[in-house]
Amino acid sequence: MKINKILLMGNPNVGKSAIFSRLTGAKVVISNYPGTTVEFTQGYTKIDSSRPAIIDVPGTYTLHPTSRAEEVAVRMIKDGDLVINIVDATNLERNLYLTLELLEQDIPVIVALNMWDDTKHKGIEIDVKKLEKALGIPVIPTCGLTGEGIKELVEHIPKAKAKKINPLKDEERWKHIGKIIEDVQKLHHRHHTFLERLEDLSIRPVTGIPIAALVVLCAFWVIRFVAENLITYLADPFFERIWTPLIMKLSAFLGAGGFLHDIIIGKLIEGELDYSQTFGLFTTGLYVPFAMVLPYIISFYFVLGVMEDFGYLPRLAVLTDNFMHRLGLHGYAIIPMILGLGCNVPGVLAIRILEEKREKFIAATLMAIAIPCMAQIAMIVGLVGQRGGAYVVLIFLTLFILLIIKGIILNKVMKGKSPEILVEMPPYRIPQLLAVFKKLWMRILSFLKEAVPYVLLGILFVNILYVLHVIDALSKIFSPLLRNVWGLPKEAIAALIVGFLRKDVAIGMLGPLNLTTKQLVIGSTVLAIYFPCIATFAVLIRELGIKDMLKSAAIMISVGIVVGGLLNLVLRF
Amino acid sequence: MLISLVDMEPGETGIVMKIDGGFGATRRIQSMGVRIGKRVKKVGARFWRGPQTVLVDNFKVAIGFGMAAKIFVEVERSEDK
Ligand SMILES: Nc1nc2c(ncn2[C@@H]2O[C@H](COP(=O)(O)OP(=O)(O)O)[C@@H](O)[C@H]2O)c(=O)[nH]1
Ligand SMILES: [Mg+2]
């Protein structure tokens, strides 16, 4: 039989993704976004002359799905030709449950006994030959970190055959596993390592909360440090020294003032090119995504990737569980929120890991209103930061307070209560750089694919609206709301319109308006709240359904109006 | 003596005897490896109403407070393990 599709299946956190990145080349196709539990990643490997697809299936404990992520995994078996069952050698007993279930399916299975390196310091001894015999399929010890055993694994693929054992009942299966374990595994006594002690400390409130505070502060500091350096030493010099001269030549060629010139290059300010004011496709349209936002995207996803692979995020979920219950969620909802800080789109997609409709609605609405994405954050830091760091803090503090108030209200008014958290705490592990960078690379590509077209579209769109005098008309209509409620000039309407497309461009458009600091703070905050960008809007509709989305949108718009108005009344600077 | 996970002291071990959750929740917990008959060790803190973390074999599972209150274990107090 020809093998076209290989599935990597196993419990969560057993090293599926690590083995995946060992098996596949650089060319990886992502169905949407990586990093969320339910999305899967596909790549290609080379076996002799064929190039079968390899799929990194979401982690699952059983083939009787108990959650949405598991449903996805189970459905994928139907169109696979072979399963590589990644088994965590340090947790053989539980992992074998899925293995036995897989053997009951009509599909060839090979076991990769991963974390093999870890068995030694955990005092676990496994007789691989005996295990092979007990299961009746090839078992290959592997290490996802070093790539040990991967070659052998690949060699077994062409000869694998389906075994199809008779289905067992739950009880019988566990009994069977018990026998296998007794036969193949020996445990030795050993001492706790430093990382293991740190694990326990980070979930006890007394020690865990200071640790969490430290981690979050460090994360922010590193994100900012890396991003600012990327901007100062890479992005800005590139645009100033290489791009600007090219654009100036193009400008001379097109002849200033023409329609084409205005759209491609924008309006030069006294013959000078100012990337924050010019608003042409090739100037601001490229500068915003590449020089202002991308550096923050890179550094954010790098730090996030390290924290994910270290195994810290589930600890944060445990620590915040109490607090999140007040908002109608449970601790695990912190993970979509953190992803949402990168980009709301994968954040909303990750809301799928939450089981109930109510918590999904709350999480999505909270995220769309109060979690600014990295593109927005970068622009706020870039633009408002010039007026002083305190104003940036003020904006984020406002959003955070809003998150809490809104969560509490939604939790009170919506029927039902928040479900309980149930999540495995993976051991702390030093992240593998190859895997971290591969994930980072995929996320950067996703950002570029999602963001750049919309940024360009946004700029094109607003230029056309200006030319057609639509902005003038709208600014007259909306000027009472803008001026009387928010204290903004009527020209700010253009930013609000573009905000439906991209928040980064929208905030950038506040730049040339010569706003006072107060106006800038209000404008940025309102832009963050009043509506999600179009990409987020689209996934929200898909995830929530049109009716709930409309409800959610109504909440956003009214909150945007009220909060902007309150800030206008309260702020005194 | 049968007590719930919530009432175990950190560091104590016990054998899971009873899970009183609904059908779905019980199945999810069992599939994650917290099963009747397994030995579990409580890690983390006891005094707050947050998730309760237990060590089973070589893995740890955090279980929401309400759910943890419905999982009962026979504590091994005399044994010095
Ligand atoms: N010690 C050790 N760590 C591993 C091995 N394979 C993966 N890891 C680490 O285990 C963690 C979880 O791996 P990952 O591939 O994300 O697991 P997945 O959830 O199954 O995709 C990561 O920190 C990996 O770097 C291995 O063979 N040995
Ligand atoms: Mg993975």
Side-chain angles (χ1 to χ4, degrees), chain A residues 11-13 60-67 70 88-95 97-98 115 118-119 122-124 170-171 174 178 181 187 196 199-208 314-315 317-323 325 330-332 355 417-427, chain B residues 4-6 8-13 15-72 79-81:
Chain A
N11 290 186
N13 295 307
T60 174
Y61 295 103
T62 146
L63 294 184
H64 297 287
T66 55
S67 69
E70 292 191 336
D88 175 355
T90 64
N91 273 309
L92 197 55
E93 178 175 321
R94 188 187 59 191
N95 279 251
Y97 188 84
L98 178 67
M115 308 280 177
D118 239 18
T119 56
K122 291 217 161 127
I124 298 166
D170 227 35
E171 295 277 305
W174 283 120
I181 293 288
L187 301 178
E196 281 168 325
E199 276 169 25
D200 293 347
L201 290 181
S202 48
I203 52 168
R204 281 191 199 136
V206 184
T207 40
R315 267 85 189 179
V318 165
L319 275 182
T320 51
D321 187 64
N322 245 337
F323 167 72
H325 270 282
H330 62 60
Y332 212 58
E355 297 297 320
K417 62 193 223 332
S418 34
E420 300 268 357
I421 192 172
L422 178 64
V423 63
E424 188 172 349
M425 299 281 107
Chain B
S4 79
L5 281 188
V6 168
M8 277 174 101
E9 297 291 338
E12 258 179 356
T13 59
I15 309 282
V16 179
M17 304 302 275
K18 196 162 76 146
I19 301 178
D20 269 353
F23 176 71
T26 305
R27 250 198 37 199
R28 262 184 81 204
I29 294 185
Q30 301 235 36
S31 82
M32 288 180 78
V34 183
R35 291 181 288 124
I36 307 228
K38 289 279 342 175
R39 169 177 282 121
V40 299
K41 177 175 178 186
K42 171 107 163 239
V43 293
R46 191 203 137 161
F47 62 87
W48 71 318
R49 296 178 60 86
Q52 307 291 302
T53 308
V54 290
L55 173 74
V56 192
D57 294 337
N58 254 316
F59 58 89
K60 290 173 185 159
V61 181
I63 305 168
F65 189 86
M67 194 125 90
K70 295 181 191 145
I71 301 177
F72 295 93
E79 231 177 302
D80 202 4
K81 246 197 118 228

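Letters go in sequence order (proteins before strands), and every chain restarts at 1.
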Discussion item. Using a 6.0 Å cut-off, check whether atom CD of E9(B) has over 12 heavy atoms from anything other than its own residue.
Written reply: yes
Worksheet, complete the sentence: Under 4.5 Å to a heavy atom of chain B? For H64(A) that would be both
Practice prompt. May I ask you to check whether H330(A) and S418(A) show a side-chain donor-acceptor distance below 3.5 Å?
Written response: no
Item to complete: Heavy-atom pairs under 4.5 Å with chain A are the metric here; pick the option from N58(B), D57(B), I63(B) that has the most.
Response: N58(B)
Discussion item. So for L92(A), is it side chain, backbone, both, or neither that comes closer than 4.5 Å to the heavy atoms of chain B?
Written reply: neither
Worksheet entry | When G44(B), A25(B), G50(B) are compared by non-hydrogen pairs under 4.5 Å with chain A, the top option | G44(B)
Fill in: Winner by heavy-atom pair count (cut-off under 4.5 Å) against chain B, out of N13(A), T90(A), L201(A)
T90(A)
Worksheet entry | chain A contact via L55(B) - which portion, at a heavy-atom distance below 4.5 Å | neither
Worksheet item: What residues, two or more places apart in sequence or in another chain, satisfy side-chain hydrogen bond (donor to acceptor under 3.5 Å, both in side chains) together with R94(A)?
Response: N11(A), E424(A)
Worksheet entry | Test: E93(A) and R35(B) ion pair at under 4.0 Å | yes
Worksheet item: salt bridge (Lys or Arg N to Asp or Glu O under 4.0 Å): which pairs involve residues 15-33 of chain B, sequence neighbours left out?
Response: K18(B)-D20(B)
